[in-house]
Number of protein chains: 2
Amino acid sequence: MVTIGDVARRAGVSRSTVSYVLSGKRAISVATQRRIQEAIEELGFTPNAGARALATSQTMVLGLLLQFHADEFAPAMLQYVLPVSETARAHGYDILMVTDADGPRTIHRIGDSNMVDGFVLLDVTADDPRVPSLREVHQPGVLIGLPRDTREVDAIDLDFTEAARILVDHLHERGHREIVLVTPPHHVVERGGSYVWRFRDAAIERAARYDIRIHAHYGEAQGSAVRRSMNQILDIWPEATALMVHNDATIAALPTILHERGIRVPDDLSVVSLYSRDFGEEFSLPFTAVESAAYELGHTAVTRLVERIQKGREAVPPQVQLIAPAITDRGSTRYLLPS
Amino acid sequence: MVTIGDVARRAGVSRSTVSYVLSGKRAISVATQRRIQEAIEELGFTPNAGARALATSQTMVLGLLLQFHADEFAPAMLQYVLPVSETARAHGYDILMVTDADGPRTIHRIGDSNMVDGFVLLDVTADDPRVPSLREVHQPGVLIGLPRDTREVDAIDLDFTEAARILVDHLHERGHREIVLVTPPHHVVERGGSYVWRFRDAAIERAARYDIRIHAHYGEAQGSAVRRSMNQILDIWPEATALMVHNDATIAALPTILHERGIRVPDDLSVVSLYSRDFGEEFSLPFTAVESAAYELGHTAVTRLVERIQKGREAVPPQVQLIAPAITDRGSTRYLLPS
DNA sequence: CTGAAAGCGCTTACAG
DNA sequence: CTGAAAGCGCTTACAG
């Protein structure tokens, strides 16, 4: 391994001078700089990250905590991972990705051993046990998802309440008076996935304001169960003119289900959803939808975290930020004539 | 931050003794051990990972290189990430996950700065530029996917050739004489995704042996294009009695497409596929299929890498390992009567 | 069974 | 504009 000492010897300077050329924290004569640069290139020197971390107490690594749940296939999580990784790199950070089931212990293990400068927590639930651990550790952290207790935490999430309102408004404007809502599966609620009830409650409340009848059902997570349950739901509410879907497995199966029932969109039924464009394109149809904004969430989370790391934990007040959702009209809803 | 020196002072011993209790590399009296353990717990001591890495030249971190391609939505990649992460943890390693577009440069950046003890490369293509870089760096690496030149590399992949044979055999045994094959999109071929042609070529060759007519088509990656193209393909080959699908977007859209055409499976058409069970359950139907074995691939890759790290790079000869595929009969194929 | 000391490869006051 | 030296927090021969 070639060290800073090798470079210094080759360039005929001290190690500190090499270090200062690397960091740019000191004025160095152009001649010396050139000699050092040459030596670095000739020897192929790259500073040892561990040594640097030890000397500076900065690892330039962020910890990313993912959670996998046995009852679901969550490939969509990758949509968050990518912006987190890219944004981190743009700020000079790498990502230590941890998928351990025991989140609290992992935070301590990684944090206490100083492997990272900060944490990003994905898929945060209402009473997420990782949040208290995050307070105990001396690195800052930012949450993607909303815990029940948001005091003193940095959290970012889509504004699911507003998303639901936007979709209900969209249907209301088009004259719909009876809507079926399919949410994520009930076990997500049990796990504390607050986005389920934030979206659901807001949809119900908004519909009530317009005197729209809304029938909310928990969807399923697996193809066959999805189809069975959706067919039952549609059987129960034959008068409904619109369907609001907040459930990946359901939106993927929807084309089949509707076709089997001979239902045309939007002629026979209007459909709105909450999903990502990429997902819809590959696995379903282009429905009018609110974008799940995974990229923006991941990007914002890391930007915030880096700011907090660099300015110190107390400089920036913790903040809960809800990203404003945007609807894209893809023509899957129709205007109802007043009867 | 509490250091090993604090623990030593509290326990009234030297730092080296604390270190040896931690590592277990030396016999320590039970009494001393107890005192040190108590001191560790009272102070909440966790060894600094950077310092340890500097002293031992071992980071206990593995680099995981992912690639994202603009032309596809690849959430399935998470199926590889999970076993990599879990297996690494089981061996005491963490995962530094890198998604940089410039793989070769990243390998040097991470490797030369000694941030990791080894590399796992995901989604390796035929002429993957990361493979030469891996040779230049002094950490070992293992590939998931098959490069053209497999000399001196450790690589693991599904045996796509055998997978294709198994599926053709399955159809052959049931008397099918004309098959439509839908492969991944053509841009995957252009990118060097060898699994496309390994599967395709083997299927064609195997079919030829049985004198089965096989019509191979490149599939599409997006929902609407998938449906259009599949309908065209099915129009061209009305006599085909079986469909072989090696394409996620197509398998997701298949229920709709077949239903729209009024095709029942397996009565009117037999269907076999190559996908993961999880994927099929959430996004499609339970077709008879060869399992894509992402978990096994990820697990095996890391196991191999850890072995190589610990035994030294030259101790274990590099090896290309093809995982034997397994078919699960889910009843989506029927026996044809000899006409 | 235990300790004092050197060393891992950096950074950064201190000094000139 | 540059250098000598201390220090970051560990591990591990060397010594007893």
Side-chain angles (χ1 to χ4, degrees), chain A residues 1-37 39-40 43-61 92 109-117 138-139, chain B residues 1-37 39-40 43-61 92 109-117 138-139:
Chain A
M1 139 156 284
V2 31
T3 74
I4 200 171
D6 299 328
V7 174
R9 205 169 311 121
R10 175 79 151 236
V13 296
S14 72
R15 295 186 300 151
S16 56
T17 302
V18 177
S19 178
Y20 283 119
V21 165
L22 252 32
S23 68
K25 289 187 180 172
R26 196 191 237 185
I28 307 280
S29 76
V30 186
T32 307
Q33 278 194 46
R34 197 184 335 265
R35 257 183 306 134
I36 292 178
Q37 281 300 354
I40 286 176
L43 298 173
F45 167 70
T46 309
N48 180 293
R52 183 171 268 179
L54 187 57
T56 62
S57 302
Q58 282 216 332
T59 62
M60 299 311 283
V61 174
R109 183 175 68 79
I110 306 289
D112 294 346
S113 63
N114 267 283
M115 298 184 74
V116 300
D117 295 338
H138 76 275
Q139 291 93 343
Chain B
M1 138 155 288
V2 31
T3 74
I4 200 171
D6 300 326
V7 174
R9 204 169 312 117
R10 175 80 151 234
V13 297
S14 73
R15 296 188 299 151
S16 54
T17 302
V18 177
S19 178
Y20 282 119
V21 164
L22 253 33
S23 68
K25 289 188 179 172
R26 194 192 239 186
I28 308 281
S29 75
V30 186
T32 306
Q33 277 196 45
R34 199 184 332 266
R35 257 183 306 137
I36 292 178
Q37 281 301 354
I40 288 177
L43 298 172
F45 167 70
T46 308
N48 181 292
R52 184 172 268 182
L54 186 56
T56 62
S57 301
Q58 283 217 327
T59 62
M60 299 310 285
V61 174
R109 184 175 67 80
I110 305 288
D112 294 348
S113 64
N114 265 283
M115 297 184 76
V116 300
D117 296 337
H138 76 274
Q139 290 93 343

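Residue numbering restarts at 1 for every chain, and letters A, B, ... go by the order of the sequence lines.
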Subject >> Residue mapping more 5' on DNA chain D - nearest nucleotide basis, B/G5 or A/S29 >> reply: A/S29
Original post:
Got a sec, which residues hit side chain to side chain donor-acceptor pair (under 3.5 Å) with B/T3, two or more places apart in sequence or on another chain?
Top reply: none
**OP:** For B/T46, enumerate each residue passing the side chain to side chain donor-acceptor pair (under 3.5 Å) test, keeping only those at least two apart in sequence or located in another chain.
**Re:** none
Original post:
For every nucleotide of nucleotides 11-16 of chain C, 5' to 3': is a protein heavy atom under 4.0 Å from its base (B), only from its sugar-phosphate (S), or from neither (-)?
Top reply: BBBBB-
**OP:** Mind calculating the distance between CZ (A/R34) and P (D/dC1) to the nearest angstrom?
**Re:** 14 Å
Original post:
When you check the phosphate oxygens OP1 and OP2 of D/dG3, does a side-chain N or O of A/S14 lie under 4.0 Å from one of them?
Top reply: yes
Subject >> Sequence neighbours excluded, every pair satisfying salt bridge (charged side-chain N to carboxylate O under 4.0 Å, His left out) that has a member inside residues 5-23 of chain A >> reply: A/D6-A/R9, A/R10-A/E42
Original post:
Which residues pass the side chain to side chain donor-acceptor pair (under 3.5 Å) test with B/D112, sequence neighbours left out?
Top reply: none
**OP:** Stems involving DNA chain C: give each as a range paired with a range, ordered by first number, where a stem means at least three consecutive Watson-Crick or G-U wobble pairs under 3.5 Å.
**Re:** C:1-3 with D:14-16, C:5-12 with D:5-12, C:14-16 with D:1-3
**OP:** Name all residues meeting the side chain to side chain contact (heavy atoms under 4.5 Å, CB included) criterion together with B/A49; count only those two or more places apart in sequence or in a different chain, and write none if there are none.
**Re:** A/S113, A/M115
Original post:
With sequence neighbours excluded, what pairs up with A/R109 under the salt bridge (charged side-chain N to carboxylate O under 4.0 Å, His left out) test?
Top reply: B/D94
In a table with atom names and distances, give each donor-acceptor pair under 3.5 Å that connects a side chain of residues 20-28 of chain B to protein atoms at least two apart or in another chain.
{"residue": "B/S23", "atom": "OG", "partner": "B/S19", "partner atom": "O", "Å": "3.3"}
{"residue": "B/S23", "atom": "OG", "partner": "B/K25", "partner atom": "N", "Å": "3.3"}

Subject >> Passing candidate, side-chain contact (heavy atoms from CB on, under 4.5 Å) with B/R35, options B/I40, B/T17, B/V13 >> reply: B/V13
